[in-house]
**Student:** 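Mind having a look at this structure? Questions to follow.
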Amino acid sequence: MAEVLLRGFGYEPLEPYPGMVEPWNCTCRCGRQVAVRWSNLLQGSSATRGCNWCKTSGFNFAVPAHLYLLKHEGLGCLKIGVTAEHSTRLASFRSLGWDVVTIERFERGETAATVERDVLTWWRTDLLLPPHVGPTEMPKGGWTETVASDAVDVGELIDRIRLYALHAFDADERSADGI
């Protein structure tokens with residue numbers, strides 16, 4: 001039954017149904033191999049509009065994007081994030097007291113998201129830093145991508161972002177060349 005419904009969302013299963021919250025490997029209508037969560041599909045998440053490369057709303061991996069680093073003095077935190085190139089997301093954060101520390105442009109949202117993931121892995125896994133704020137302080141979302149501003153050196157963080165970007169770009173180039 002789940003396989004039939006999955007096909008209705010535009011995906012072809014590559015394996016048996018794994019359960020509500022486990023990633024389900026499938027092929028999207030655009031031809032890319034992706035993993036979706038059944039629970040997300042049932043909640044009407046972005047997965048119902050296509051995968052990260054072909055969806056028509058939300059963050060799209062296939063188009064130019066920005067990775068940004070923000071600082072909020074009042075909350076004492078930094079926030080890393082990604083947004084579409086012509087999005088109003090940064091203006092929204094600025095209106096809430098966030099200052100832009102740096103913005104990096106990427107030709108593909110996928111690369112920006114990879115660099116964001118690398119920074120979050122460094123924060124959470126290597127430095128063992130938890131999110132600095134919660135949903136109460138950031139009701140519009142994004143709190144999971146925060147860290148205490150005094151927990152990391154901003155200069156080192158910017159250097160890491162640029163280093164991760166070089167590595168991600170190199171990986172993209174090798175992938176595009178079939179390597």
**Student:** Mark yes or no for whether T102, through its side chain, and L69, through its backbone, hold a donor-acceptor pair below 3.5 Å.
**Tutor:** no
**Student:** Check the pair T146, M138 against side chain to side chain contact (heavy atoms under 4.5 Å, CB included), reporting the backbone distance first and the verdict last.
**Tutor:** CA-CA 10 Å; T146 64; M138 295 184 71; 3.7 Å; yes
**Student:** Mind checking whether L90 and F106 sit in one hydrophobic cluster, side chains of I, L, V, M, F, W, Y counted as touching below 4.5 Å?
**Tutor:** no
**Student:** Are L96 and V101 grouped together when hydrophobic residues (ILVMFWY) are joined by side-chain heavy atoms under 4.5 angstrom apart?
**Tutor:** no
**Student:** Applying side-chain contact (heavy atoms from CB on, under 4.5 Å), name anything that partners E73, two or more places apart in sequence or on another chain.
**Tutor:** K71
**Student:** How far apart are the closest heavy atoms of V147 and A151, and which atoms are they?
**Tutor:** CG2-CB, 4.3 Å
**Student:** Is there a path of hydrophobic side-chain contacts, each under 4.5 Å between heavy atoms, that joins L163 and Y68?
**Tutor:** no
**Student:** W122 and L157: which non-hydrogen atoms are nearest, and at how many Å?
**Tutor:** CZ3-CD1, 3.7 Å
**Student:** To the nearest 0.5 Å, what is the distance between OG1 on T121 and CG on L127?
**Tutor:** 11.0 Å
**Student:** E12: which residues meet the side chain to side chain donor-acceptor pair (under 3.5 Å) condition with it, sequence neighbours left out?
**Tutor:** R7
**Student:** Same cluster or not: are L75 and L70 linked, directly or through other Ile, Leu, Val, Met, Phe, Trp or Tyr residues, by side-chain heavy atoms under 4.5 angstrom apart?
**Tutor:** yes
**Student:** Can you sort out the partners of L120 under side-chain contact (heavy atoms from CB on, under 4.5 Å), two or more places apart, ordered by chain and number?
**Tutor:** I80, E116, W123, R124, E145
**Student:** Using the side-chain contact (heavy atoms from CB on, under 4.5 Å) criterion, which residues pair with T144? Sequence neighbours excluded.
**Tutor:** none
**Student:** Atom CZ in R160, atom NE2 in H167: separation rounded to 0.5 Å?
**Tutor:** 10.5 Å
**Student:** Work out which heavy atom in C77 is nearest to a heavy atom in W98; give both atom names and the distance.
**Tutor:** SG-CH2, 3.3 Å
**Student:** Minimum heavy-atom separation for A112 to V82, with atom names?
**Tutor:** O-CG1, 3.5 Å
**Student:** Which distance, rounded to the nearest 0.5 Å, do you find between the CD1 of I161 and the CD1 of I103?
**Tutor:** 11.5 Å
**Student:** Considering only residues two or more places apart or on different chains, which pairs with a residue in residues 80-97 satisfy salt bridge (Lys or Arg N to Asp or Glu O under 4.0 Å)?
**Tutor:** E85-R105
**Student:** To the closest 0.5 Å, what do you measure between NE2 (H66) and OG1 (T83)?
**Tutor:** 8.5 Å
**Student:** Please check if W143 and L129 belong to a single hydrophobic cluster, counting links between Ile, Leu, Val, Met, Phe, Trp and Tyr side chain heavy atoms closer than 4.5 Å.
**Tutor:** no
**Student:** Counting distance only, does the side-chain N/O of S149 pair as donor-acceptor with the main-chain N or O of G76 below 3.5 Å?
**Tutor:** yes
**Student:** Given R162 and E104, is the side chain to side chain contact (heavy atoms under 4.5 Å, CB included) satisfied, shown in steps?
**Tutor:** CA-CA 8 Å; R162 292 179 179 153; E104 302 290 328; 2.9 Å; yes
**Student:** Would you tabulate the side-chain donor-acceptor contacts of residues 16-28 under 3.5 Å, counting partners in other chains and residues two or more places apart, or write 'none'?
**Tutor:**
{"residue": "Y17", "atom": "OH", "partner": "M20", "partner atom": "N", "Å": "3.3"}
{"residue": "W24", "atom": "NE1", "partner": "E15", "partner atom": "O", "Å": "2.9"}
{"residue": "N25", "atom": "ND2", "partner": "E15", "partner atom": "OE1", "Å": "3.3"}

